[in-house]
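Side-chain atoms are counted along with the backbone in the values below, which use heavy atoms only and exclude waters and symmetry mates.
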Amino acid sequence: MPMPVTMTMMAKYVWKLVFDYDNSGSPTPMEHTYALTQSGSYNPMMFNEFVSKEAKKLVESGKLQSGASYRPSSVTFMTGHQMSKEVSSFLQNMTMDQPEKTMSYDRMEVRKVMIGPKSRMMVYQRTFEAPGMIIQEDTLKMIAAPLPKEEMVEEVPMQMMMVAMKFVKGLKLNQVVSSDNPLDAPSDRVRDWFGGSDEMNYMYGGKFVWIVPIMTTQVSEALTSFDLVITPKADPHHDDLAKDAGGSHRYLIPIKQTSDLFMTELTLARFSSDAHLLLPTMFWPNLPKGFTSDINMERGGGYLYLVWKMQKAYPV
């Protein structure tokens with residue numbers, strides 16, 4: 001398994017003026033009311049394009065493997081800067097599966113502050129900026145004179161541990177693993193999302209059949225879908241999901257099409273009721289996904305589907 005590689009990302013803190021109130025001509029204190037906006041925006045596409053561009057440099061230097069798509073497994077500050085909870089929350093998104101959709105929030109709060117007699121108050125708000133990300137924090141600096149220009153912007157080097165994304169390349173033994181013994185169930189088999197049986201011939205007799213994925217880091221090898229074929233004719237080129245169970249033969253045919261979305265995870269979904277009609281809205285909220293037709297079609301009993309999660313790849 002390839003070891004993670006470190007990539008440096010330069011972010012910055014920018015101090016922006018919220019208000020400048022000059023009470024130096026008054027012998028009495030003054031209560032000043034002001035509005036503070038806290039906001040955040042994270043654009044995964046911009047961030048992923050930055051990562052891809054930097055990863056290509058590491059490929060050229062021999063530190064990363066070409067043909068893979070990389071993402072950070074962790075993001076940390078390299079210096080002793082204090083990370084705000086707003087920044088920490090957004091940085092976590094960089095390490096997670098995510099839709100290519102901008103996430104944002106915006107809230108405004110009215111605050112009051114007392115300004116002393118014969119004094120001036122300038123309030124600056126800290127903004128965090130990184131590729132694809134900008135956050136106006138609840139971090140303020142209250143001073144009596146303008147912030148020196150050299151202190152307005154501070155670079156913040158960040159360290160990202162990069163790992164190659166894994167995609168589904170196929171299924172072991174071409175399609176399935178079959179056995180006469182239920183104890184032979186492979187540990188890396190595809191499980192049922194709801195904790196039910198993950199054996200394809202469950203309740204139908206025949207061989208014990210499990211699906212086992214083959215993973216790859218090479219985007220060119222990744223699958224985009226599976227076709228389910230149910231036929232009375234045996235196909236010697238594929239392994240039967242319904243092996244020795246009688247009736248129609250059932251095959252999963254791997255599909256690889258031109259796309260930037262590829263399979264990264266598989267699950268089975270077994271239903272005993274019409275809840276299967278809600279399948280398109282289930283599993284991995286907000287992420288692209290796909291699924292087969294009912295594997296148990298015409299068998300009677302429950303419903304069974306193979307479902308896959310998709311992620312956009314940025315091959316380098």
Side-chain angles (χ1 to χ4, degrees), residues 1-11 41-76 78 89-103 130-134 157-172 188 190 211-227 252-267 283-292 306-316:
M1 179 180 297
M3 296 296 292
V5 174
T6 300
M7 178 187 294
T8 299
M9 176 176 70
M10 293 304 301
S41 176
Y42 172 54
N43 185 321
M45 182 177 295
M46 288 181 61
F47 172 73
N48 290 331
E49 288 175 349
F50 165 81
V51 169
S52 178
K53 180 180 178 181
E54 295 301 307
K56 287 178 181 178
K57 298 176 184 177
L58 295 175
V59 168
E60 292 170 359
S61 66
K63 294 181 179 179
L64 290 180
Q65 180 185 27
S66 64
S69 181
Y70 292 89
R71 64 186 294 178
S73 60
S74 65
V75 184
T76 56
M78 294 176 63
S89 176
F90 268 54
L91 291 182
Q92 288 180 10
N93 289 317
M94 293 179 170
T95 66
M96 299 167 59
D97 289 341
Q98 54 195 291
E100 295 249 316
K101 178 181 177 181
T102 298
M103 294 175 280
M133 180 184 298
I134 182 168
M158 306 187 69
Q159 179 174 279
M160 299 188 295
M161 298 299 293
M162 306 304 298
V163 293
M165 295 177 64
K166 293 183 178 180
F167 302 96
V168 178
K169 173 183 178 180
L171 300 173
K172 285 186 180 176
D188 53 352
V190 178
I211 297 174
V212 179
I214 302 173
M215 308 301 289
T216 182
T217 59
Q218 291 296 297
V219 177
S220 62
E221 299 176 341
L223 299 181
T224 53
S225 64
F226 283 103
D227 276 352
L252 286 172
I253 311 301
I255 303 297
K256 186 166 57 176
Q257 296 177 325
T258 301
S259 174
D260 57 5
L261 289 173
F262 301 94
M263 280 187 209
T264 57
E265 190 174 338
L266 300 176
T267 186
F283 317 106
W284 307 297
N286 302 317
L287 293 175
K289 50 188 159 292
F291 49 90
T292 63
L306 178 65
V307 188
W308 50 87
K309 178 168 61 177
M310 312 283 282
Q311 282 284 272
K312 185 172 182 178
Y314 290 81
V316 297

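A 4.5 Å side-chain heavy-atom check between Thr267 and Glu265 finds every atom pair outside the cut-off. Within the 4.5 Å cutoff, the side chain of Met94 has heavy atoms near those of the Met133 side chain. Between Met78 and Met158 the shortest side-chain heavy-atom distance does not fall below 4.5 Å. Counting heavy atoms from C-beta outward, Pro72 and Met7 have side chains that stay 4.5 Å or more apart. Annotation: side chain of Thr217 is in contact with side chain of Gln65 (closest heavy-atom distance under 4.5 Å). When side chains are defined from C-beta on, Met162 counts as touching Val51, because their heavy atoms get closer than 4.5 Å. Annotation: side chain of Gln159 is not in contact with side chain of Val75 (no heavy-atom distance under 4.5 Å).
Considering every non-hydrogen atom in both Leu266 and Met263, the closest pair reads CD2-SD, 3.7 Å. Contact detail for Pro254 and Phe226: the closest heavy-atom pair is CA-CD2, 3.6 Å. Between Trp308 and Trp284 the shortest heavy-atom distance is C-CZ3, 3.6 Å. The nearest pair of heavy atoms linking Ala130 to Met9 is CB-CE, 4.3 Å.
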>> What verdict does the side chain to side chain contact (heavy atoms under 4.5 Å, CB included) test give for Phe262 and Lys169, after you've listed the backbone C-alpha separation in whole Å, the side-chain angles of each residue and the deciding distance to 0.1 Å?
In response: CA-CA 10 Å; Phe262 301 94; Lys169 173 183 178 180; over 6 Å; no
>> The test is salt bridge (Lys or Arg N to Asp or Glu O under 4.0 Å); show your working for Lys57 and Glu54 and say whether it passes.
In response: CA-CA 5 Å; Lys57 298 176 184 177; Glu54 295 301 307; 3.2 Å; yes
>> Determine whether Tyr70 and Val316 satisfy the following criterion, side chain to side chain contact (heavy atoms under 4.5 Å, CB included), listing intermediate values before the conclusion.
In response: CA-CA 8 Å; Tyr70 292 89; Val316 297; 3.7 Å; yes
> What's the verdict on side chain to side chain contact (heavy atoms under 4.5 Å, CB included) for Val168 and Met215, showing C-alpha distance, side-chain angles and the deciding distance?
Replying inline: CA-CA 5 Å; Val168 178; Met215 308 301 289; 3.9 Å; yes
>> Please determine whether side chain to side chain contact (heavy atoms under 4.5 Å, CB included) holds for the pair Lys309 and Asp97, giving the CA-CA distance in whole Å, both sets of side-chain angles, and the decisive distance to 0.1 Å.
In response: CA-CA 10 Å; Lys309 178 168 61 177; Asp97 289 341; 2.6 Å; yes
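Counting only distance, with no hydrogens or angles, the side chain of Thr224 and the backbone of Gln257 share a donor-acceptor pair below 3.5 Å. Checking side-chain atoms of Ser73 against main-chain N and O of Met161 turns up a donor-acceptor pair under 3.5 Å. Judged by distance alone, with hydrogens and angles left aside, the side-chain atoms of Thr292 form a donor-acceptor pair with the main-chain N or O of Leu306 at under 3.5 Å.
Taking OG of Ser69 as the reference point, atom NZ of Lys312 lies at 10.0 Å (rounded to 0.5 Å). Separating the CD atom in Gln218 from the OG atom in Ser66 is a distance of 6.5 Å, to the nearest 0.5 Å. Rounded to the nearest 0.5 Å, atoms CZ (Arg71) and OG1 (Thr95) are 7.0 Å apart. A distance of 8.5 Å separates CD of Gln98 from CG of Leu287, quoted to the nearest 0.5 Å. Note that the CZ atom of Phe167 and the CG atom of Leu261 stand 10.0 Å from one another [nearest 0.5 Å]. Annotation: the span from Leu223 atom CG to Leu171 atom CG amounts to 7.5 Å, rounded to 0.5 Å.
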